[in-house]
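Atom set for the values below is all heavy atoms of this structure, side chains included, hydrogens, waters and symmetry mates excluded. Everything numeric in this text was worked out from a predicted model, so none of it was measured. Chain identifiers are assigned alphabetically (A, B, ...) following the order of the sequence lines, protein sequences preceding nucleic acid strands; residue numbering begins at 1 within each chain.
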Protein chains: 2
Amino acid sequence: MKKQGEEILKNSALSVTAGRKRILDIFLASGNALAHQDIEMQCAEQFDRVTIYRTLQTFLEKGIIHNIPSTDNMVRYALCNDNCITSGHHHDNHVHFKCDDCGKTVCLDDLVIPAIKLPQGYTMKEINMVVSGVCKTCK
Amino acid sequence: MKKQGEEILKNSALSVTAGRKRILDIFLASGNALAHQDIEMQCAEQFDRVTIYRTLQTFLEKGIIHNIPSTDNMVRYALCNDNCITSGHHHDNHVHFKCDDCGKTVCLDDLVIPAIKLPQGYTMKEINMVVSGVCKTCK
DNA sequence: ATAAAGAATGCAACTTTGTTGCAAAAGCAT
DNA sequence: ATGCTTTTGCAACAAAGTTGCATTCTTTAT
Ligand SMILES: [Mn+2]
Ligand SMILES: [Mn+2]
Ligand SMILES: [Zn+2]
Ligand SMILES: [Zn+2]
């Protein structure tokens with residue numbers, strides 16, 4: 001599993017660079033969603049802040065990571081499961097949980113967002129569900 | 001309905017100031033959720049930016065407005081329906097919709113977020129559901 | 001293995017967004 | 001009207017995000 005990062009990059013037709021591999025490693029090693037800031041703290045000495053912005057943007061567009069909305073002005077990112085992009089948008093459909101105690105945000109991969117029926121005239125493209133509370137570790 | 005803003009402030013035990021009334025008016029006049037930026041554009045000449053930050057914070061704490069998470073680093077705010085705060089947290093439970101076309105975010109007040117069953121050990125406090133796509137106006 | 005083309009990175013400069021302390025002003029209760 | 005309390009504006013700052021451009025690194029073709 002040494003070259004799992006490279007694998008992902010090649011599958012997405014991205015060139016393999018030290019920065020991209022490092023950021024992928026950080027995601028692979030971490031069990032929870034990461035904000036730009038979290039990543040920067042782990043590799044700011046190696047890589048420029050701008051590179052991290054651009055890398056996350058690229059990963060998003062390629063469907064390598066998805067972003068998780070929040071009300072605290074800290075968008076978080078997590079690895080997508082399989083190839084996540086079809087017709088230009090992500091199709092992650094699992095619930096996210098943010099713990100008020102430890103602050104961590106995790107993907108509840110097995111918990112599928114229930115279907116809803118939008119009012120007449122609305123068309124759905126993506127759907128996000130974020131639950132906050134206390135996680136099982138902090139309980 | 002001239003003093004609807006004042007009414008809201010008094011019900012929340014807040015002193016009635018020009019800035020707070022103005023910001024409430026902006027919300028009452030607008031059909032959709034507003035980001036700090038939207039509000040600032042409408043009253044930056046009258047009021048300081050800092051005042052807007054503090055006013056939104058106060059309104060949130062008092063349950064006058066609720067915030068809507070997003071993946072674009074622009075938290076939006078909308079008026080709460082009734083008195084929204086019980087035991088320290090909001091209990092808005094409706095779906096939000098963000099239009100990819102016009103960019104507007106609206107409360108779908110009649111669309112209740114379906115219940116979900118969290119994995120063992122997790123406790124829910126708040127829940128948010130945001131759907132993106134095309135709204136009925138842009139359709 | 002080398003060279004050329006294209007893509008990614010670092011850096012600098014900048015803009016925007018959000019925070020804090022404090023003095024002045026405004027609101028509220030008596 | 002007076003004094004007390006809360007809110008506001010200002011200034012200074014910190015953090016977050018963006019952009020253009022020159023340099024470096026990857027990839028692809030020779
Ligand atoms: Mn996820
Ligand atoms: Mn709402
Ligand atoms: Zn926790
Ligand atoms: Zn629209």
Atom pairs under 3.5 Å: protein N/O with N/O of nucleotides 28-30 of chain D:
none

ask   = Is there a chain of hydrophobic side chains (I, L, V, M, F, W, Y, each step under 4.5 Å between heavy atoms) that links B/Leu28 to B/Ile23?
value = yes

Rounded to whole Å, OH of B/Tyr53 lies from C1' of D/dC13 at a distance of 14 Å

Quiz item: Do B/Val106 and B/Lys98 pass the side-chain contact (heavy atoms from CB on, under 4.5 Å) test, and can you show the C-alpha distance, the side-chain angles, and the key distance before you say yes or no?
Solution: CA-CA 7 Å; B/Val106 294; B/Lys98 163 141 189 273; over 6 Å; no

Here the distance between atom C1' of D/dA14 and atom CD of A/Glu40, to the nearest Å, is 13 Å

Using atom types as modelled, flag every donor-acceptor pair under 3.5 Å from a side chain in residues 107-134 of chain A to any protein atom, sequence neighbours excluded.
residue  : atom : partner : partner atom : Å
A/Asp109 : OD1  : A/Asn81 : ND2          : 3.1

Please produce a list of atom pairs where a protein N or O lies less than 3.5 Å from an N or O of nucleotides 1-11 of chain D.
residue : atom : partner : partner atom : Å
D/dT7   : OP1  : B/Arg20 : NH1          : 3.2
D/dT7   : OP1  : B/Arg20 : NH2          : 2.7
D/dT7   : O5'  : B/Arg20 : NH2          : 3.3
D/dT8   : OP1  : B/Thr17 : OG1          : 2.7
D/dG9   : OP2  : B/Asp48 : N            : 3.2
D/dG9   : OP2  : B/Thr51 : OG1          : 2.4
D/dG9   : N7   : B/Arg54 : NH2          : 3.0
D/dG9   : O6   : B/Arg54 : NH2          : 2.7

**Message:** Between A/Asp72 and A/Arg76, does any side-chain N to carboxylate O distance fall below 4.0 Å?
**Reply:** yes

By nearest-nucleotide position on DNA chain C, the 5'-leaning member of B/His36 and B/Val16 is B/His36

Atom NZ of B/Lys10 and atom C1' of C/dC28 are separated, to the nearest Å, by 11 Å

What residues 64-77 of chain A contributes to the DNA chain C interface at heavy-atom separation below 4.0 Å is A/Asn73

From NZ of A/Lys21 across to C1' of C/dT9 the rounded distance in Å is 15 Å

### Under 3.5 Å: donor-acceptor pair, side chain of A/Arg22, backbone of A/Gln42
yes

Exercise for the section: Respond yes when some side-chain nitrogen or oxygen of A/Gln37 is under 4.0 Å from OP1 or OP2 of D/dA15, and no when none is. Expected result: no

Over 60° means perpendicular and under 30° means parallel, so classify the ring planes of B/His36 and B/Tyr53, tilted if in between. parallel

Rounded to whole Å, CG of A/Leu9 lies from C1' of C/dA8 at a distance of 12 Å

| said: So does A/Asn32 get a backbone contact from the side chain of A/Ser30, meaning a donor-acceptor N/O pair under 3.5 Å? | reply: yes

query: Are any of the side-chain heavy atoms of B/Cys43 and B/Ile26 separated by less than 4.5 Å?
result: yes

Here the distance between atom C1' of C/dT17 and atom CE of B/Met41, to the nearest Å, is 15 Å

Just by modelled atom types, is the A/His94 backbone N or O under 3.5 Å from a matching donor or acceptor in the A/Asp92 side chain? no

In whole angstroms, the gap separating C1' of D/dA16 from CG of A/Asp38 amounts to 14 Å

For this session: Start with the C-alpha distance between A/His66 and A/His89, add both sets of side-chain angles, then the distance that settles ring pair (Phe, Tyr, Trp, His ring centres under 6.0 Å), and finish with yes or no.
Result: CA-CA 10 Å; A/His66 58 283; A/His89 64 91; over 10 Å; no

In whole angstroms, the gap separating P of C/dA8 from CD of A/Glu61 amounts to 11 Å

Per-helix bend value, the helix from C/dA1-D/dT30 to C/dT30-D/dA1, C1' rotation axes over five pairs per end, 10° rounding, shows 40°

Using a 3.5 Å distance criterion without hydrogens, assess whether the side chain of B/Asn11 forms a donor-acceptor pair with backbone atoms of B/Ile8.
no

Which of B/Leu56, B/Ile68, B/Ile64, B/Thr105 passes side chain to side chain contact (heavy atoms under 4.5 Å, CB included) with B/Tyr77? It is B/Leu56

| Under 3.5 Å, side chain of A/His90 to main-chain N/O of A/Leu60, donor-acceptor pair present? | yes

The ring pair (Phe, Tyr, Trp, His ring centres under 6.0 Å) partners of B/Phe47 (sequence neighbours excluded) come to none

